[in-house]
**Q** 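Sharing a structure here in C-alpha coordinates format.
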Amino acid sequence: MTPSEGPAKSDEGQEYQPSLRRALLRLLEQSLWANRQWVEFVYSQPAPEVRPRELLAHLMLGERIWFERIAGQQRTPAVSPLMSKDELIQGFIENTETFLQLISSRLGDVIHFKRDSGEEYHARVEDIIHHLLTHGYHHRGQLAAHYARGGIKYPNTDHINFLLENRL
(Lines give C-alpha, C1' and ligand atoms only; values in the text may rest on other atoms or scores of the structure.)
Protein backbone atom coordinates (compact mmCIF):
# COMPACT_ATOMS: atom_id res chain seq x y z
CA MET A 1 0.00 0.00 0.00
CA THR A 2 1.31 3.47 -0.82
CA PRO A 3 0.16 6.88 0.37
CA SER A 4 -1.25 7.52 -3.10
CA GLU A 5 -3.70 4.68 -2.55
CA GLY A 6 -5.50 7.08 -0.22
CA PRO A 7 -9.07 8.20 -0.60
CA ALA A 8 -10.69 8.31 -3.98
CA LYS A 9 -11.95 11.66 -5.21
CA SER A 10 -15.53 12.27 -4.16
CA ASP A 11 -18.15 13.16 -6.73
CA GLU A 12 -19.58 16.61 -6.20
CA GLY A 13 -22.89 16.53 -4.38
CA GLN A 14 -22.45 13.02 -3.02
CA GLU A 15 -21.94 12.40 0.66
CA TYR A 16 -18.30 11.67 1.37
CA GLN A 17 -17.20 9.95 4.55
CA PRO A 18 -13.57 8.87 4.45
CA SER A 19 -12.39 6.15 6.77
CA LEU A 20 -9.79 6.98 9.37
CA ARG A 21 -7.21 4.93 7.47
CA ARG A 22 -7.94 6.71 4.20
CA ALA A 23 -7.76 10.13 5.87
CA LEU A 24 -4.44 9.27 7.52
CA LEU A 25 -3.05 8.01 4.22
CA ARG A 26 -3.91 11.32 2.54
CA LEU A 27 -2.27 13.28 5.37
CA LEU A 28 0.76 11.01 5.22
CA GLU A 29 1.09 11.53 1.49
CA GLN A 30 0.99 15.31 2.00
CA SER A 31 3.53 15.09 4.83
CA LEU A 32 6.07 13.15 2.74
CA TRP A 33 5.55 15.56 -0.17
CA ALA A 34 6.01 18.59 2.12
CA ASN A 35 9.09 17.16 3.85
CA ARG A 36 10.72 16.43 0.51
CA GLN A 37 9.90 19.95 -0.71
CA TRP A 38 11.58 21.42 2.36
CA VAL A 39 14.65 19.19 2.16
CA GLU A 40 15.12 20.12 -1.51
CA PHE A 41 14.62 23.81 -0.74
CA VAL A 42 16.94 23.99 2.30
CA TYR A 43 19.74 22.11 0.57
CA SER A 44 19.39 24.18 -2.62
CA GLN A 45 20.36 27.35 -0.76
CA PRO A 46 23.88 28.63 -1.54
CA ALA A 47 25.00 28.08 2.06
CA PRO A 48 22.38 25.98 3.89
CA GLU A 49 21.99 27.35 7.40
CA VAL A 50 22.33 25.15 10.47
CA ARG A 51 18.89 25.83 12.05
CA PRO A 52 16.79 24.65 9.07
CA ARG A 53 18.95 21.51 8.79
CA GLU A 54 18.51 20.90 12.53
CA LEU A 55 14.73 21.21 12.23
CA LEU A 56 14.57 18.73 9.35
CA ALA A 57 16.77 16.22 11.18
CA HIS A 58 14.69 16.65 14.34
CA LEU A 59 11.48 16.06 12.38
CA MET A 60 12.72 12.89 10.68
CA LEU A 61 14.44 11.45 13.76
CA GLY A 62 11.50 12.38 16.01
CA GLU A 63 9.28 10.15 13.87
CA ARG A 64 11.82 7.36 14.18
CA ILE A 65 11.97 7.71 17.98
CA TRP A 66 8.20 7.30 18.18
CA PHE A 67 8.29 4.27 15.89
CA GLU A 68 10.90 2.72 18.16
CA ARG A 69 8.71 3.43 21.19
CA ILE A 70 5.84 1.66 19.44
CA ALA A 71 8.12 -1.31 18.70
CA GLY A 72 9.41 -1.28 22.29
CA GLN A 73 13.01 -0.82 21.09
CA GLN A 74 14.14 2.76 21.47
CA ARG A 75 17.65 3.19 20.04
CA THR A 76 17.74 6.60 18.35
CA PRO A 77 19.22 9.32 20.56
CA ALA A 78 16.98 12.33 21.26
CA VAL A 79 19.71 14.71 20.05
CA SER A 80 19.36 15.34 16.32
CA PRO A 81 22.65 15.43 14.41
CA LEU A 82 22.92 17.35 11.15
CA MET A 83 22.22 15.09 8.20
CA SER A 84 22.84 15.21 4.47
CA LYS A 85 20.07 15.83 1.97
CA ASP A 86 20.16 12.19 0.86
CA GLU A 87 20.06 10.88 4.45
CA LEU A 88 17.00 13.02 5.19
CA ILE A 89 15.11 12.02 2.06
CA GLN A 90 15.90 8.34 2.62
CA GLY A 91 14.86 8.68 6.27
CA PHE A 92 11.52 10.27 5.39
CA ILE A 93 10.87 7.53 2.80
CA GLU A 94 11.68 4.81 5.34
CA ASN A 95 9.48 6.52 7.92
CA THR A 96 6.63 6.58 5.41
CA GLU A 97 6.89 2.80 5.07
CA THR A 98 6.63 2.47 8.85
CA PHE A 99 3.65 4.84 8.94
CA LEU A 100 1.96 2.70 6.28
CA GLN A 101 2.50 -0.49 8.28
CA LEU A 102 1.13 1.11 11.45
CA ILE A 103 -1.90 2.59 9.66
CA SER A 104 -2.74 -0.75 8.04
CA SER A 105 -2.58 -2.86 11.19
CA ARG A 106 -2.00 -1.12 14.53
CA LEU A 107 -4.16 2.00 14.87
CA GLY A 108 -6.01 0.71 17.94
CA ASP A 109 -2.96 -0.65 19.76
CA VAL A 110 -2.14 1.06 23.06
CA ILE A 111 1.54 1.80 23.55
CA HIS A 112 3.12 2.27 26.99
CA PHE A 113 6.22 4.44 26.94
CA LYS A 114 8.50 6.62 29.00
CA ARG A 115 9.16 10.17 27.86
CA ASP A 116 12.61 11.73 28.08
CA SER A 117 11.45 13.36 31.34
CA GLY A 118 11.07 9.87 32.85
CA GLU A 119 7.28 10.12 33.09
CA GLU A 120 5.35 7.06 31.95
CA TYR A 121 2.38 7.35 29.61
CA HIS A 122 0.28 5.39 27.20
CA ALA A 123 -1.34 6.32 23.89
CA ARG A 124 -3.06 4.63 20.98
CA VAL A 125 -1.03 4.32 17.78
CA GLU A 126 -3.71 6.41 16.05
CA ASP A 127 -3.01 9.29 18.43
CA ILE A 128 0.76 8.93 18.04
CA ILE A 129 0.33 9.16 14.26
CA HIS A 130 -1.79 12.30 14.64
CA HIS A 131 0.89 13.71 16.95
CA LEU A 132 3.63 13.02 14.41
CA LEU A 133 1.69 14.55 11.53
CA THR A 134 0.95 17.74 13.48
CA HIS A 135 4.56 17.79 14.69
CA GLY A 136 5.55 17.98 11.02
CA TYR A 137 3.18 20.89 10.37
CA HIS A 138 4.63 22.68 13.39
CA HIS A 139 8.26 22.39 12.30
CA ARG A 140 7.53 23.16 8.65
CA GLY A 141 5.83 26.31 9.96
CA GLN A 142 9.01 27.14 11.86
CA LEU A 143 10.97 26.70 8.63
CA ALA A 144 8.57 29.02 6.79
CA ALA A 145 8.86 31.66 9.53
CA HIS A 146 12.65 31.38 9.46
CA TYR A 147 12.85 32.10 5.74
CA ALA A 148 10.08 34.71 5.80
CA ARG A 149 12.07 36.73 8.35
CA GLY A 150 14.92 36.83 5.84
CA GLY A 151 12.62 37.81 2.97
CA ILE A 152 13.33 34.54 1.17
CA LYS A 153 10.55 32.95 -0.89
CA TYR A 154 10.00 29.44 0.44
CA PRO A 155 7.86 26.50 -0.71
CA ASN A 156 4.13 26.52 -0.02
CA THR A 157 3.57 23.09 1.50
CA ASP A 158 0.14 23.55 3.03
CA HIS A 159 -2.46 20.86 2.48
CA ILE A 160 -4.54 22.71 -0.12
CA ASN A 161 -1.44 23.50 -2.17
CA PHE A 162 -0.52 19.80 -2.01
CA LEU A 163 -3.96 18.92 -3.39
CA LEU A 164 -3.72 21.54 -6.14
CA GLU A 165 -0.18 20.65 -7.22
CA ASN A 166 -0.98 16.96 -7.26
CA ARG A 167 -4.40 17.39 -8.90
CA LEU A 168 -6.16 15.47 -6.12
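Values below: all heavy atoms of this structure, side chains included; hydrogens, waters and symmetry mates excluded.
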**Q** Can you name the residues that form a salt bridge (charged side-chain N to carboxylate O under 4.0 Å, His left out) with R64, not counting sequence neighbours?
**A** E94
**Q** Is L82 isolated, or which residues cluster with it under the ILVMFWY side-chain rule of less than 4.5 Å, directly or via members?
**A** V50
**Q** Who are the side chain to side chain donor-acceptor pair (under 3.5 Å) partners of T98, not counting sequence neighbours?
**A** none
**Q** Is there any salt bridge (charged side-chain N to carboxylate O under 4.0 Å, His left out) pair reaching into residues 126-137, and which pairs are they, with sequence neighbours excluded?
**A**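 Applying salt bridge (charged side-chain N to carboxylate O under 4.0 Å, His left out) to every pair that reaches into residues 126-137, excluding sequence neighbours, yields R124-E126, R124-D127.
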**Q** Checking E119 now: which residues fulfil side chain to side chain contact (heavy atoms under 4.5 Å, CB included) with it, not counting sequence neighbours?
**A** S117, Y121
**Q** If the condition is side chain to side chain donor-acceptor pair (under 3.5 Å), which residues does R21 pass it with, not counting sequence neighbours?
**A**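 Side chain to side chain donor-acceptor pair (under 3.5 Å) check on R21 returns nothing, list empty.
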**Q** Under the rule for side chain to side chain contact (heavy atoms under 4.5 Å, CB included), what residues qualify as partners of S105, not counting sequence neighbours?
**A**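 Not a single residue meets the side chain to side chain contact (heavy atoms under 4.5 Å, CB included) criterion with S105.
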**Q** For T157, what residues pass the side chain to side chain contact (heavy atoms under 4.5 Å, CB included) criterion, not counting sequence neighbours?
**A** W33, A34, Q37, W38, R140, P155
**Q** Return the set of residues passing side chain to side chain contact (heavy atoms under 4.5 Å, CB included) with E49 (not counting sequence neighbours), or none when no residue passes.
**A**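 Testing E49 for side chain to side chain contact (heavy atoms under 4.5 Å, CB included), a comparison that skips the adjacent residues, returns P52, H146, Y147.
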**Q** For E68, check salt bridge (charged side-chain N to carboxylate O under 4.0 Å, His left out) against everything at least two apart and list the hits.
**A**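 For E68 the salt bridge (charged side-chain N to carboxylate O under 4.0 Å, His left out) partners, ignoring immediate neighbours, are R75.
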**Q** Does anything in residues 83-92 form a salt bridge (charged side-chain N to carboxylate O under 4.0 Å, His left out)? List the pairs, not counting sequence neighbours.
**A**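 Only E40-K85 qualify under salt bridge (charged side-chain N to carboxylate O under 4.0 Å, His left out).
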**Q** Under the ring pair (Phe, Tyr, Trp, His ring centres under 6.0 Å) test, which residues partner H159, sequence neighbours left out?
**A** F162
